[in-house]
Amino acid sequence: MLIVQISDPHITVLGQKAYGIAPTDEYLVRCVEHINMLNPEPDLALVTGDITNEGLLESAQHASRLLSKLQCPYYIIPGNHDDRSVLRSVFGDKFCPTTDPEFIHYVIEGHDVRLIAVDSTKPGFPGGQMCESRLQWLEQQLLEETRKPTIIFMHHPPLKCGVLETDADGFDGVDELGLLIEGFSNIQAVICGHIHLPTHTRWRGTMVSTGLSTGMLLDLDLTMTRPSGFFLNASGYQLHHLTEHGNLITHTINVRENNNGPYFFEEHAISGTDSGREI
Ligand SMILES: [Fe+2]
Ligand SMILES: [Fe+2]
């Protein structure tokens, strides 16, 4: 099974750039075109929040038009830059199949892995939140299938990743979420966005990974003293491959405008020690 993760596209109003300089719609188009050429084709795509840059209806409509070019089914969850009601109205039941009146959370069934969409947003704040109501809902969903491999996806990573976006902004209720998660050994991974960087770490008996943004790569600052910034033109997405052996392999796909390659090992082997396959 192949799961594409598109994260943090930060789409703004048609004709405008995010933060005045980032043509985020062009970056998303580039990623969507790349995803549509994948062979084998992905089973589905998850869009892990910050779909819009400023939560506007026009931005969500623009994002919806761009994402509609995806040839595989896709599903969305909100990020801290989004407005839940705007996402609901624009994306509708097909791409946002929540039945909860407040939160955008739901379960995707019918695949080799069960996918649980969690709403980690706290309106008006950049950090994450899991309140009692959302924890109860998540526990109910997990209790329905305690053996089937399960992936949780939500915008905010539930741990401090060593960058300002998690360590300073925080995550309300994260200890309670951790206690819940560690009670279910069938949770293969928690996949997140928000920090605009690909990272992987062990947490509460499972794997947490974050995806890069489709175009605005975070300037990694482990000193957490510099003003937070991003690089332009760094398009990419995550590809989660659940193999026939049950391993979840996560690839970070960089979508470059001009690829210098591939060069084939066999064509460039120059000595007897070059097998043509070694790297
Ligand atoms: Fe973001
Ligand atoms: Fe975010």
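Ligands are counted one by one from 1 in listed order, and the atoms in each one are counted from 1 as well.
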Checklist entry - Of the backbone and side-chain N, O or S atoms of His194, does one lie nearer to the Fe ion (ligand 2) than 2.8 Å? => result yes

Checklist entry - Is any N, O or S atom of Asp8 under 2.8 Å away from the Fe ion (ligand 2)? => result no

Looking at [X], which of its N, O or S atoms is the nearest one to the Fe ion (ligand 1)?
| X | value |
| --- | --- |
| His196 | NE2 |
| His10 | NE2 |
| Asp50 | OD2 |

Checklist entry - N/O/S of His81 less than 2.8 Å from the Fe ion (ligand 1)? => result no

Checklist entry - Leu44 and Ile6: same hydrophobic cluster, using ILVMFWY side-chain contacts below 4.5 Å? => result yes

Checklist entry - Do Tyr75 and Phe91 make the cut of ring centroids closer than 6.0 angstrom? => result no

Next on the checklist: Taking the six-membered ring for Trp, are His196 and His10 closer than 6.0 Å centroid to centroid?
Outcome noted: yes

Checklist entry - Does the pair Arg114/Glu144 count as a salt bridge with the N-to-O cut at 4.0 Å? => result yes

Checklist entry - Quick one: do Arg88 and Asp93 make a salt bridge, cutoff under 4.0 Å? => result no

Next on the checklist: Are there over 12 heavy-atom neighbours, none belonging to Glu41, within less than 6.0 Å of that residue's CD?
Outcome noted: no

Checklist entry - Hey, what's the angle at the Fe ion (ligand 2) spanning NE2 (His155) and OD1 (Asn80), nearest 10 degrees? => result 90°

